[in-house]
Amino acid sequence: MKVAVKNFKNKEVGSMDLDASVFGIEVRDDVMHRMVHYQLNKRRAGTHKTKVLSEVSGTGKKPFAQKHTGRARFGTLRAPQMRGGYTIFGPVVRSHATELPKKIRALALKSALSSKMAEGKLIVLESDAAETHKTKDMVSVLSTMNIASALFVCGENINENFGKAVRNIPHMDVLPVNGANVYDILRRDTLVMTKEAVEKLTERLRGE
């Protein structure tokens with residue numbers, strides 16, 4: 001699988017062979033769906049909480065006698081039916097993370113990469129080295145390349161000028177190759193990868 005390698009002037013400066021086992025597999029929507037749920041579940045803070053009986057402020061004294069008052073029995077004013085009482089079966093601090101096998105996670109990432117390749121929305125850049133850190137100049141570059149919504153996957157270290165230039169542009173995300181993930185790939189229209197990122201990701205996923 002050959003793909004053109006471009007620079008920031010939208011000119012072809014060469015070509016690159018893509019591994020069909022990473023960028024050319026059958027796209028599995030079901031697996032990507034599971035992976036997105038896995039990522040979003042893991043992202044949840046799980047810090048929501050209501051107070052149990054021992055945490056509610058108030059007296060522990062029995063409000064009135066058990067019998068002979070003509071009223072319902074009450075053991076505490078902190079009961080859930082009382083104003084300011086505790087909450088029954090309320091949420092507690094917990095992890096929302098779910099399990100997903102490593103091979104399924106790898107398959108989902110390969111499916112996401114293959115889907116962008118199949119749709120013609122994968123662009124390979126020679127390098128992420130930008131001449132300037134100015135956002136205005138980068139907007140002009142992206143306009144020349146017809147990119148309106150994209151995820152940029154760079155090498156292990158993101159070029160400082162490029163990172164600064166892109167970070168304030170709407171619908172643009174930048175990640176190092178180690179941070180490439182299914183959710184961020186799917187949420188943007190175009191996937192832009194540097195040659196280094198393609199090589200590193202292929203090396204990582206080829207044996208999975």
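Please read these numbers as outputs of a predicted model, since none were measured by experiment. We're numbering straight along the sequence, starting at 1.
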Item to check | For His133, side chain to side chain donor-acceptor pair (under 3.5 Å) partners two or more places apart | outcome: none
Checklist entry - Which residue pairs pass the side chain to side chain donor-acceptor pair (under 3.5 Å) test with at least one member in residues 15-32, sequence neighbours excluded? => result Lys2-Asp17, Asp19-Ser21, Asp19-Arg206, Arg28-Asp30
Checklist entry - Looking only at heavy atoms, which two atoms of Val182 and Ala112 are closest? And how far apart? => result CG1-CB, 4.2 Å
Checklist entry - With sequence neighbours left out, what residues match Ala129 under side chain to side chain contact (heavy atoms under 4.5 Å, CB included)? => result Ser127, Asn159
Next on the checklist: Using side chain to side chain contact (heavy atoms under 4.5 Å, CB included), reason through Lys195 and Val124 one step at a time and then give a plain yes or no.
Outcome noted: CA-CA 6 Å; Lys195 285 181 64 177; Val124 178; 4.0 Å; yes
Side-chain donor/acceptor pairs under 3.5 Å, residues 160-170, sequence neighbours excluded:
residue, atom, partner, partner atom, Å
Glu160, OE2, Lys164, NZ, 3.2
Asn161, ND2, Ala130, O, 3.4

Next on the checklist: I'd like to check Tyr183 versus Arg43 (side-chain heavy atoms, cut-off strictly below 4.5 Å). Are they in contact?
Outcome noted: yes
Checklist entry - Once you round to the nearest 0.5 Å, how far does CG of Leu191 lie from CG of Leu151? => result 6.0 Å
Checklist entry - Which value, rounded to the nearest 0.5 Å, describes the distance between Tyr38 atom OH and Arg105 atom CZ? => result 4.0 Å
Next on the checklist: With a 4.5 Å cut-off on side-chain heavy atoms, are Arg34 and Leu100 touching?
Outcome noted: yes
Checklist entry - Looking at side-chain heavy atoms only, is the closest gap between Leu205 and Leu109 below 4.5 Å? => result yes
Item to check | pair Thr87-Pro80: side-chain heavy atoms closer than 4.5 Å | outcome: no
Checklist entry - Leu77 and Met82: which non-hydrogen atoms are nearest, and at how many Å? => result O-CB, 3.3 Å
Acceptor/donor pairs from residues 139-146 side chains to any protein atom, 3.5 angstrom cut, sequence neighbours excluded:
residue, atom, partner, partner atom, Å
Thr144, OG1, Ser140, O, 3.0

Please set out all donor-acceptor pairs under 3.5 angstrom arising from side-chain atoms of residues 68-76, sequence neighbours excluded.
residue, atom, partner, partner atom, Å
Thr69, OG1, Arg71, N, 3.3
Thr76, OG1, Arg78, N, 3.0

Next on the checklist: Using side-chain heavy atoms (C-beta onward) and a distance below 4.5 Å, is Val177 in contact with Glu156?
Outcome noted: yes
Item to check | Shortest non-hydrogen contact between Lys116 and Arg188, atoms and distance | outcome: NZ-O, 2.8 Å
Checklist entry - What residues form a side chain to side chain donor-acceptor pair (under 3.5 Å) with Asn181, not counting sequence neighbours? => result Gln39, Asp184
Item to check | side chain to side chain contact (heavy atoms under 4.5 Å, CB included) evaluation trace for Val198 with Thr194 | outcome: CA-CA 6 Å; Val198 171; Thr194 62; over 6 Å; no
Checklist entry - Closest approach of Gly179 and Leu175, non-hydrogen atoms and distance? => result O-CD1, 3.4 Å
Checklist entry - What about Ile123 and Met1, same hydrophobic cluster or not, with Ile/Leu/Val/Met/Phe/Trp/Tyr joined at side-chain heavy-atom distances under 4.5 Å? => result no
Checklist entry - Would the number of heavy atoms belonging to other residues, nucleotides or ligands and lying under 6.0 Å from NZ of Lys62 be above 12? => result yes
Item to check | ILVMFWY cluster, Ile158 and Met138 together (side-chain gap under 4.5 Å) | outcome: yes
Item to check | Distance (rounded to the nearest 0.5 Å) between Leu18 CG and Leu122 CG | outcome: 6.5 Å
Checklist entry - Do Ser149 side-chain atoms and Asp189 backbone N/O form a donor-acceptor pair below 3.5 Å? => result yes
Item to check | Cluster check Leu201, Val5: I/L/V/M/F/W/Y, side chain < 4.5 angstrom | outcome: yes
Checklist entry - Are Val31 and Met117 linked, directly or through other ILVMFWY residues, by side chains that come within less than 4.5 angstrom of each other? => result yes
Next on the checklist: Between Ile185 and Leu113, does the side chain to side chain contact (heavy atoms under 4.5 Å, CB included) criterion hold? Intermediate values first, please.
Outcome noted: CA-CA 8 Å; Ile185 290 173; Leu113 294 170; 3.9 Å; yes
Next on the checklist: Tell me whether the count of non-hydrogen atoms from other residues, nucleotides or ligands lying under 6.0 Å of CD in Glu99 goes above 12.
Outcome noted: no
Next on the checklist: Using a 6.0 Å cut-off, check whether atom CG of Asn10 has over 12 heavy atoms from anything other than its own residue.
Outcome noted: yes
Item to check | Transitive ILVMFWY cluster of Val93, excluding itself - 4.5 Å side-chain cut-off | outcome: none
Checklist entry - For residues 83-115, which residue pairs qualify under ring pair (Phe, Tyr, Trp, His ring centres under 6.0 Å), counting only residues two or more places apart or in two chains? => result His48-His96
Checklist entry - With a 4.5 Å limit on heavy-atom distance, are the side chains of Phe152 and Asp173 in contact? => result no
Item to check | side chain to side chain contact (heavy atoms under 4.5 Å, CB included) evaluation trace for Leu107 with Met32 | outcome: CA-CA 8 Å; Leu107 178 60; Met32 291 191 292; over 6 Å; no
Item to check | Qualifying salt bridge (charged side-chain N to carboxylate O under 4.0 Å, His left out) pairs with a residue from residues 124-136, counting only residues at least two apart or across chains | outcome: none
Using distance only, find each side-chain donor-acceptor pair of residues 52-61 under 3.5 Å and give its atom names and separation, not counting sequence neighbours.
residue, atom, partner, partner atom, Å
Glu55, OE1, Lys49, NZ, 2.8
Glu55, OE1, Val52, N, 3.1
Glu55, OE2, Lys49, NZ, 3.3
Thr59, OG1, Lys61, N, 3.0

Checklist outcome for this item: Minimal heavy-atom distance between Gly24 and Ser114, with the atoms involved, is N-OG, 3.3 Å
Item to check | Side chains of Ile104 and Met35 in contact at under 4.5 Å (non-hydrogen atoms) | outcome: no
Checklist entry - With a 4.5 Å limit on heavy-atom distance, are the side chains of Val153 and Val192 in contact? => result no
Checklist entry - Taking only residues two or more places apart in sequence or in another chain, which ones pass side chain to side chain contact (heavy atoms under 4.5 Å, CB included) with Lys67? => result none
